[in-house]
There are 2 protein chains.
Amino acid sequence: MRKDAQQNRDKILATAAKLFHDQSVAAVSMKDIAAAAKIGIGTLYRNYPNKSELCLAVSFNFIHQFVTDGQVYLSETTVSPIEQFQHVLQRYLDFREQRLQLLAFIESGPTVMATYYQSELYQQLVVLFMQVLAPISGEIETGELEFRADMVIAMLKSNSYAYQRQQQGLSPQQIAENISNLMIRA
Amino acid sequence: MRKDAQQNRDKILATAAKLFHDQSVAAVSMKDIAAAAKIGIGTLYRNYPNKSELCLAVSFNFIHQFVTDGQVYLSETTVSPIEQFQHVLQRYLDFREQRLQLLAFIESGPTVMATYYQSELYQQLVVLFMQVLAPISGEIETGELEFRADMVIAMLKSNSYAYQRQQQGLSPQQIAENISNLMIRA
DNA sequence: TTGACAAGTGGAGCGTGCTCCACTTATAGT
DNA sequence: ACTATAAGTGGAGCACGCTCCACTTGTCAA
């Protein structure tokens, strides 16, 4: 990759992150981003094939941070497995609440979720949840454990979460508690 | 409502259902639907405020059918609670597989899921799942039962389901089994 | 039957995400 | 230093979803 191209790539990501932070994600158009980064629309799209993918790229930093923090926490903590699970779950809820708009946009993109699911980062997120689920799930095989980790993540996607919060009137704590009750076996 | 307006409303729904059936949902534009129904774009949008809502309206017939069938099944069956749960789950999977495109489009619409969640039909779907979950969930309160019903539905949303099918390579049967294992307590 | 007007219509036009391709430029071999 | 060319650029233009409002029409009281 040419050096100037790499600079453009970086500049796009930084500009998009800034604009998404300053205004709502929906209010920022691809034209806005290109203009703010002082590049052409074509260049923008060659680097990030659509707006959802760009949001995903911006999110990756945040998700990476969350996963890393989680791993550090697990390596240091000495509390009970149940508390570990609840702690990670709580952190994940906090993280999602912070980045709600961005994550909602990604989750509503028709094709972009496939990219996310295939990424190493998603695998790391799943592994994180598997680690805290394993000791509280009773005796189950790895495939089923992974399925449950996916299920926890799926349940907290923006649509479902918004429904539980707004229509059902549940607090984040109540949601965490309901998930805990469902998942805890041992 | 004026009689001619009602006719237009019906014609739109019928035309959209036909076009969505003949071609892929994404390939059918709102202009196509208006043209095929021989009405103006404005009329189309006054009746259905966006494409996702129109998809939802088309889906409502199918969802209603599924819920009704499920209720009939429950009123007639004499098999064990576990088998009842698995049967309803299996039917729901089949139903979703049939209407995948339409449901995926609804689920990716940013605002339309709120409409769906608020509808009586969604409540009926939840109640259906609550009925089969209740005997296999151990002793839990109604709120938590409802939460679990929502969770089953959330897990089977198009994105998550597609991931389990395609990336994880699970068959519908395996997915159903994993959910069963998670939900069965009694 | 006839007017008055609420109710309904339709399509020009807007801003969006995104594609395409004629053009420009960094780079590596001479 | 000088090309040759692969690599990268940028914006005109497309199709889309959707809004807006000048216009038409069904309805109903007189």
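Only this structure's heavy atoms are used, side chains among them; waters, hydrogens and symmetry mates stay out.
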> With sequence neighbours left out, what residues match R165(B) under salt bridge (Lys or Arg N to Asp or Glu O under 4.0 Å)?
Replying inline: E97(B)
>> Can you measure K38(B) atom NZ to dG11(C) atom C1' for me and round it to whole angstrom units?
In response: 18 Å
> What pairs with Y117(B) under side chain to side chain donor-acceptor pair (under 3.5 Å), at least two apart in sequence or on another chain?
Replying inline: K157(B)
Produce the list of close N/O pairs, under 3.5 Å, pairing protein atoms with atoms of nucleotides 5-9 of chain C; give distances to one decimal.
| residue | atom | partner | partner atom | Å |
| --- | --- | --- | --- | --- |
| dA7(C) | N3 | R2(B) | NH1 | 2.8 |
| dG8(C) | OP1 | R2(B) | N | 2.9 |
| dG8(C) | O4' | R2(B) | NH1 | 3.4 |
| dT9(C) | OP1 | N8(B) | ND2 | 2.2 |
| dT9(C) | OP2 | R46(B) | NH1 | 2.9 |

Using residues 51-63 of chain A as the side-chain source, report each donor-acceptor pair under 3.5 Å to any protein atom, sequence neighbours left out, with the distance given to one decimal.
| residue | atom | partner | partner atom | Å |
| --- | --- | --- | --- | --- |
| K51(A) | NZ | V25(A) | O | 3.2 |
| K51(A) | NZ | V28(A) | O | 2.6 |
| E53(A) | OE2 | T115(A) | OG1 | 2.9 |
| S59(A) | OG | C55(A) | O | 2.8 |

Pick out the pairs of N or O atoms, protein on one side and nucleotides 14-17 of chain D on the other, that lie under 3.5 Å.
| residue | atom | partner | partner atom | Å |
| --- | --- | --- | --- | --- |
| dG17(D) | OP1 | K51(B) | NZ | 3.1 |
| dG17(D) | OP2 | M30(B) | N | 2.9 |

> Which residue pairs pass the salt bridge (charged side-chain N to carboxylate O under 4.0 Å, His left out) test with at least one member in residues 61-87 of chain B, sequence neighbours excluded?
Replying inline: none
> Among all residues two or more places apart in sequence or in another chain, which pass the side-chain contact (heavy atoms from CB on, under 4.5 Å) test with A134(B)?
Replying inline: L145(B)
>> Considering only residues two or more places apart or on different chains, which pairs with a residue in residues 106-134 of chain B satisfy salt bridge (charged side-chain N to carboxylate O under 4.0 Å, His left out)?
In response: R96(B)-E107(B)
Please write out the pairs of protein N or O atoms and N or O atoms of nucleotides 28-30 of chain C separated by less than 3.5 Å, giving the distance to one decimal.
none

> Can you name the side chain to side chain donor-acceptor pair (under 3.5 Å) partners of K31(B), sequence neighbours left out?
Replying inline: none
> Among pairs that include at least one residue of residues 1-17 of chain A, which meet salt bridge (charged side-chain N to carboxylate O under 4.0 Å, His left out), considering only residues two or more places apart or in two chains?
Replying inline: R2(A)-D4(A)
>> Set out, in order, the CA-CA distance, both residues' side-chain angles and the distance that settles ring pair (Phe, Tyr, Trp, His ring centres under 6.0 Å) for Y163(A) and Y122(B), then state yes or no.
In response: CA-CA 12 Å; Y163(A) 170 67; Y122(B) 181 77; 5.5 Å; yes
> How do I41(A) and K3(A) order along DNA chain C: which one's closest nucleotide is nearer the 5' end?
Replying inline: I41(A)
>> With salt bridge (charged side-chain N to carboxylate O under 4.0 Å, His left out) as the rule and sequence neighbours excluded, what pairs involving residues 122-146 of chain B come up?
In response: E144(B)-R148(B)
